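Residue numbers start at 1 and run along the sequence shown. Here the structure is a predicted model, which means the values were calculated and not measured. Scope of the values below: all heavy atoms of this structure, side chains included, with no hydrogens, waters or symmetry mates.
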Amino acid sequence: FETRSPMKKLIAGVFAIAVLWSIWPYYALFDLTNAINKADLAGLERRVEWSSVRQGLREDLNAFLARNVAQQMAVSGLPGASFGSGLTAAIGPIVVKKTVDAFATPQTIAALISQGKVSAASVETVGSGAPVPSNAEALQLGRLKYAFFSQDPFTFKVEVAASDQAGDAPLTLLFKWNGDWRLTRISTSWKTLEAMARSGQSHQPPASLGSAWFFPRR
């Protein structure tokens, strides 16, 4: 009995650590949800790694614009889709950085997560500098489609369904552990990226190349 007791204690300790580790990211998700629903900006700052979130949105918006240029060139029958993509790669980041920096504020990210998407009208409101409406729908945990570890024990993946269940792709949130669990990546639908692109286009000076080259007006 005496020789088995230390082993039992070790197993119990490992099991307790594993349970606490498994619960920790769910607590971080609850903490983020609570901060969103209470409009607690300090709570958002605590749970969101803003530089990483903005970088991820820039990458997604760049990919969206490059794909759109290639499609526009193909539809118009003009050669040089690769040239258009190259021009997007050269000039697009300037437009994209300004667009994402204007978009990725605590208020708009909270609205994006709570609704699972952002409409074109909402993005236009953000781009114009007007305050974000305060009656955004609260994030209900029942809209979570998935919440579990992904790839490794230090990455936690969450999928959130759109609030209106309109068939949009779920919003994907990635939390990373670096001393604490923080949101580091948001992957949103093409519709939201389109709204962001149109917002960036509408707020470019007419004399500049702007994003109209990459995203023609309809």
Side-chain angles (χ1 to χ4, degrees), residues 9-64 96-97 99-118 122-123 126 132 134 136-165 168-193 196:
K9 290 181 179 179
L10 177 61
I11 293 174
V14 170
F15 179 76
I17 292 173
V19 169
L20 290 174
W21 184 263
S22 300
I23 294 173
W24 195 354
Y26 289 100
Y27 169 74
L29 175 60
F30 172 80
D31 193 33
L32 176 64
T33 301
N34 193 50
I36 290 172
N37 293 344
K38 291 184 176 180
D40 178 9
L41 295 183
L44 282 173
E45 293 290 342
R46 181 175 63 251
R47 287 298 171 192
V48 180
E49 183 61 53
W50 291 106
S51 60
S52 179
V53 167
R54 291 188 178 101
Q55 179 60 33
L57 288 173
R58 289 189 196 107
E59 292 172 0
D60 290 345
L61 190 53
N62 269 319
F64 174 82
V96 167
K97 185 179 186 304
T99 301
V100 171
D101 288 349
F103 174 85
T105 65
Q107 293 88 345
T108 54
I109 292 299
L112 173 61
I113 296 173
S114 65
Q115 298 172 24
K117 64 175 187 176
V118 167
S122 298
V123 177
V126 173
V132 178
S134 59
E137 182 177 348
L139 173 59
Q140 303 297 328
L141 292 178
R143 293 205 345 262
L144 297 180
K145 297 175 67 67
Y146 180 90
F148 199 66
F149 294 95
S150 176
Q151 299 179 347
D152 57 62
F154 303 100
T155 306
F156 190 75
K157 180 179 179 180
V158 178
E159 292 184 354
V160 183
S163 57
D164 55 8
Q165 301 292 330
D168 286 341
L171 186 75
T172 300
L173 311 176
L174 282 184
F175 290 78
K176 289 282 190 178
W177 186 84
N178 186 15
D180 198 356
W181 288 96
R182 304 187 75 192
L183 178 64
T184 60
R185 188 73 158 85
I186 297 177
S187 297
T188 186
S189 68
W190 288 109
K191 289 183 179 179
T192 294
L193 292 174
M196 291 173 62

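- The shortest distance between side-chain heavy atoms of Leu41 and Gln107 falls below 4.5 Å.
- Checked by atom type and distance alone, the side chain of Arg54 never pairs as donor or acceptor with a backbone atom of Lys97 at under 3.5 Å.
- Heavy atoms of other residues, nucleotides or ligands lying less than 6.0 angstrom from OH of Tyr146 number more than 12.
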For this session: Dump the intermediate steps for side chain to side chain contact (heavy atoms under 4.5 Å, CB included) on Thr184 and Asn178, then the final yes or no.
Result: CA-CA 11 Å; Thr184 60; Asn178 186 15; over 6 Å; no
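- Taking the side chain as every heavy atom from C-beta outward, Val53 and Leu57 approach each other to under 4.5 Å.
- Considering OG1 of Thr99 and CG of Leu193, their distance stands at 11.0 Å, rounded to 0.5 Å.
- Distance check, rounded to the nearest 0.5 Å: CZ of Phe103 to OG1 of Thr192 gives 6.5 Å.
- Within 6.0 Å of CZ in Phe149 there are more than 12 heavy atoms belonging to other residues, nucleotides or ligands.
- Remark: of the listed residues Trp21, Tyr27, Phe175, Trp21 is the sole one forming a ring pair (Phe, Tyr, Trp, His ring centres under 6.0 Å) with Trp181.
- Across every non-hydrogen atom of Ser114 and Arg143, the tightest pair is O-NH2, 2.7 Å.
- We find the CG-CH2 distance between Leu44 and Trp50 to be 5.5 Å, quoted to the nearest 0.5 Å.
- Looking at Leu144 and Leu29, their side chains come closer than 4.5 Å, going by heavy atoms from C-beta outward.
- Note: Arg185 CZ to Glu49 CD = 14.0 Å, rounded to the nearest 0.5 Å.
- Closest approach of Arg58 to Asp101, counting heavy atoms only: NH2-OD1, 3.0 Å.
- Residues Gln115 and Leu171 have side chains not in contact (no heavy-atom distance under 4.5 Å, counting atoms from C-beta outward).
- Between the CD1 atom of Ile186 and the OG1 atom of Thr172 there is a distance of 10.5 Å, given to the nearest 0.5 Å.
- You'll find the side chain of Thr188 stays beyond 4.5 Å of the side chain of Asp60, heavy atoms only.
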Could you give the side-chain donor-acceptor pairs of residues 155-162 under 3.5 Å, partners two or more places apart or in another chain?
| from | atom 1 | to | atom 2 | distance (Å) |
| --- | --- | --- | --- | --- |
| Thr155 | OG1 | Asp152 | OD1 | 3.0 |
| Thr155 | OG1 | Asp152 | OD2 | 3.4 |
| Thr155 | OG1 | Lys176 | NZ | 2.7 |

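- Around OH of Tyr26, the count of heavy atoms belonging to other residues, nucleotides or ligands within 6.0 Å exceeds 12.
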Problem set entry | Chi angles and distances behind the salt bridge (Lys or Arg N to Asp or Glu O under 4.0 Å) call for Arg47, Asp40 | CA-CA 11 Å; Arg47 287 298 171 192; Asp40 178 9; over 6 Å; no
